[in-house]
Protein chains: 4
Amino acid sequence: MPRITKNPQERREEILDTAQALFGQKGYQQTAVSDIVKQIGVAQGTFYYYFKSKEEVADAIIARHLAHMLEPFSKVAGNGQWTAYEKMKVLLRMELSEDKGEGHEDAFQYLHHENNALLHQNLIVKMVRSFAPLLAAVFEQGVREGDFNIKEPLAVAEFFLTGFQFWLDSAIFHWTDAERRERVQSIGSIVEALLGMEPGMFSANRLLPGEH
Amino acid sequence: MPRITKNPQERREEILDTAQALFGQKGYQQTAVSDIVKQIGVAQGTFYYYFKSKEEVADAIIARHLAHMLEPFSKVAGNGQWTAYEKMKVLLRMELSEDKGEGHEDAFQYLHHENNALLHQNLIVKMVRSFAPLLAAVFEQGVREGDFNIKEPLAVAEFFLTGFQFWLDSAIFHWTDAERRERVQSIGSIVEALLGMEPGMFSANRLLPGEH
Amino acid sequence: MPRITKNPQERREEILDTAQALFGQKGYQQTAVSDIVKQIGVAQGTFYYYFKSKEEVADAIIARHLAHMLEPFSKVAGNGQWTAYEKMKVLLRMELSEDKGEGHEDAFQYLHHENNALLHQNLIVKMVRSFAPLLAAVFEQGVREGDFNIKEPLAVAEFFLTGFQFWLDSAIFHWTDAERRERVQSIGSIVEALLGMEPGMFSANRLLPGEH
Amino acid sequence: MPRITKNPQERREEILDTAQALFGQKGYQQTAVSDIVKQIGVAQGTFYYYFKSKEEVADAIIARHLAHMLEPFSKVAGNGQWTAYEKMKVLLRMELSEDKGEGHEDAFQYLHHENNALLHQNLIVKMVRSFAPLLAAVFEQGVREGDFNIKEPLAVAEFFLTGFQFWLDSAIFHWTDAERRERVQSIGSIVEALLGMEPGMFSANRLLPGEH
DNA sequence: AATGAATGAGTATTCATTCAT
DNA sequence: TATGAATGAATACTCATTCAT
């Protein structure tokens, strides 16, 4: 009831953050707009002052998420110092680690709610489309450096990202923890094959935490 | 109003067929149970006499679809005469051909309705889970025959099926026809890499229609 | 909560009656569908089982109302015994009397709620369109009988009904009771003029209650 | 964002003009206050600085419209030179002509949007109330001049204006163009009857464009 | 085996209006 | 004069499912 005016930027983020949290707890469909505004303590209309629809919020969250993921990925992929082989090791480690850094694992858990499958699928599609060109460039670098042996780097990048993201997604495949771990163990040799490398270059013990 | 009694088997199929047709026209969510029964000309209650829920119908349709696809796949994979290399060529051709045989292309178009993404995702997951062991056996055969060079056949089979099914799905990736065709062209060399084969063994002209 | 099944005819009327009563108390727009079903004691869905929308209910009420009014009107207009002059006297008396018979004055009060102006306007338009041909036939009869002198009976009938219904409608013109009474007094001489009659044939004391 | 200060008179008119234009395009109810201010390029608050409510704007537009119509009407009705018969001919011609002069036909088209029926009805009621006394005076003049034969000139004026305005309104009666034209043809003889004149004095060819 | 009337939970969205600045 | 962020009330409609017959 008391009218609290905020910096529009701030208010927008506030709505985004709250929506994201609730989507994670109850799923997108199950979260009512009224849930969101009640939690923030603003009027229903305020929500619609900032976003045209509930869907637009979901899109904005995904876009934000995508940007968050793209940044470190492109930093590594575009690094001028490293060899392609080193980049791949880093990228794989990044993607495979459960812990994405300081608290981010919570921030994006919302996608793993089983009611968010569609949202999730859309995110993966967008990721593949935006990461693939960067990854293809790394592949090409690797070919020039003599470590990779590969034709059609862009197609392979897309195929790999697609398989990687969907296959290892427990929310999609309903893997148990053990099942997922087994599959993570196999990723190394799949990458080696796809990139035409010597076996063992991406052996699990070189990829998983604890290695250096 | 006229009460028409039918053979239960027949009535069940009638509901399944009608539901499938409508899912294809409007999508699963957008198809109301009332749409289905109205089209058939029976009462709402009749629907629930045969199925516990709308979801059960979707599951039944998917199961039916899965069975339809599994049959030719396992026939090829389990064939005692062919080499693994021959089997792979046939399987790839089967999956890549737009025309899945006698009229079936229509029967399963329903999955390509953009509102059926979730149904579609579920089908792919089930396909991967049931096809992978068969495909892995073919891989192992190929290794024994000296044509394939591969470790962890089951993991590779799963990974490949996942990538293949999701990546080439226009309803999921929103590919244009041209975009999809490009990607189909690249599949051959991806398979060669994954199976550790000589380049060119699965070149597009050996896979696509017209080759023998 | 107890499920009470009724004869569909009966249930339909029940909804219509309740809606009409509420429209009269609060106006069409101000009456929520939930108000209607709560009053009856059925579920929201029951309403929509019988009517596609709230508007359809309003239309049905108006149609019913129109039928109720058309019946006595056409009985008089089509009577084989009376002269046109006698018919006109009876019709004018009917329309001018506040009391439309056995309790009907309540039943159709809903239109006079100021929030029902649009509904009301639609009803008048429909009335004019359906009464005019009957009235024109009476005019023609009067001409044949030598009492009326009139060209273009249909146009005059439409014009007269329109003027009559709108002008004397207190909800539209916001007349006070006194203002309306004055105007009712003048109707007789207007009719005389329109029908080309001798003055005094429809003098107020021949039209209003108390006369015979 | 740039704050543009204008002459208050000007700004007020700007709002009125814009609102009128939008009411004509989408109807009163369908036009949101936000539509109006967006079109002008001012803030929501500015609207409410000039008008207490959306309804007040509608009232102001109608009042303006009424004034525009009243002026020529009263000029003719109050003219000292003409006979009542001449005045009536001019007035009828004015009202029946599709083209109300220099571009005004566009300015008031808004009323003919079918969603403005209520606005329209209100305007007609106000017109009747303000034109009737002027018209009654003309009737009385005609009686004195021996051309009209009429009792109760005010009542007849009100009745005539009401019938005329509602009956010939295509937005209210949903007349087709042809239907409306037929009715316009009949107006002359209705006026003759109401004013107790000789037939033919207001024959269509004396009223419609082309006559002098 | 079939009917069909009845249930009832569930919510995104609009928009006129206010008010602190 | 003007801004624009914030308010908050208000509701028609869908549809999967049930159940008495």
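Naming: A, B, ... by sequence-line order, numbering from 1 per chain. As a basis for the values below, the full set of heavy atoms in this structure was taken, side chains included, without hydrogen atoms, waters or symmetry mates.
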Quick check: closest heavy atoms across [X] and [Y], and the distance to 0.1 Å?
{"X": "C:Leu123", "Y": "C:Ile62", "answer": "CD1-CG2, 3.7 Å"}
{"X": "D:Ile15", "Y": "D:Ile36", "answer": "O-CG2, 4.3 Å"}
{"X": "B:Leu16", "Y": "B:Ile61", "answer": "O-CD1, 3.9 Å"}

Of all residues at least two apart in sequence or in a different chain, which pass the side chain to side chain donor-acceptor pair (under 3.5 Å) check with [X]?
{"X": "A:Gln44", "value": "none"}
{"X": "C:Lys38", "value": "none"}
{"X": "B:Gln39", "value": "none"}
{"X": "B:Asp35", "value": "B:Lys26"}

| said: Please enumerate all residues that pass side-chain contact (heavy atoms from CB on, under 4.5 Å) together with D:Gln121, with sequence neighbours excluded. | reply: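 Counting only residues at least two positions away or on another chain, D:Gln121 forms a side-chain contact (heavy atoms from CB on, under 4.5 Å) with C:Ala117, C:Gln121, C:Ile172, D:Leu118, D:Phe166.
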Distances for protein N/O vs nucleotides 13-16 of chain E N/O pairs under 3.5 angstrom?
unit_1	atom_1	unit_2	atom_2	d
E:dT13	OP2	A:Tyr48	OH	3.2
E:dT13	OP2	A:Lys54	N	3.3
E:dT13	O4	A:Gln44	NE2	3.0
E:dA16	OP1	D:Lys54	NZ	3.0
E:dA16	OP2	D:Val33	N	2.6

Between atom [atom1] in [X] and atom [atom2] in [N], what is the gap in whole Å?
{"X": "B:Ile40", "N": "E:dA2", "atom1": "CD1", "atom2": "P", "value": "11 Å"}
{"X": "B:Tyr49", "N": "E:dA1", "atom1": "OH", "atom2": "P", "value": "4 Å"}
{"X": "B:Asp35", "N": "F:dT17", "atom1": "CG", "atom2": "C1'", "value": "16 Å"}
{"X": "C:Ile36", "N": "F:dC13", "atom1": "CD1", "atom2": "C1'", "value": "13 Å"}

| Heavy atom of residues 6-18 of chain C under 4.0 Å from DNA chain F: which residues? |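 Correct list: empty, so none.
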| query | Looking at CD1 of A:Ile124 and NZ of A:Lys126, how far apart are the two atoms once the value is rounded to the nearest 0.5 Å? | reply |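 Result: 12.5 Å between the selected atoms.
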| Picking from E:dA1, F:dT7, F:dT1, which would you name as closest to the side chain of D:Tyr50? |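 Looking only at heavy atoms from C-beta outward on D:Tyr50, the closest nucleotide is F:dT1.
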N/O donor-acceptor pairs under 3.5 Å from side chains in residues 46-54 of chain D, not counting sequence neighbours:
unit_1	atom_1	unit_2	atom_2	d
D:Thr46	OG1	D:Ala43	O	3.4
D:Ser53	OG	D:Glu55	N	3.4
D:Ser53	OG	D:Glu56	N	3.2
D:Lys54	NZ	D:Tyr28	O	3.1
D:Lys54	NZ	D:Thr31	O	2.9

| task | Sequence neighbours left out, what pairs pass salt bridge (Lys or Arg N to Asp or Glu O under 4.0 Å) with at least one residue falling in residues 11-24 of chain D? | result |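 Residue pairs with at least one partner in residues 11-24 of chain D: D:Lys6-D:Glu14, D:Arg11-D:Glu14, D:Glu13-D:Arg64, D:Asp17-D:Arg64.
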| note | Each base of DNA chain F marked ( ) or [ ] if paired in-strand (Watson-Crick or G-U under 3.5 Å), | if paired to another strand and . if unpaired gives .||||||||||||||||||||
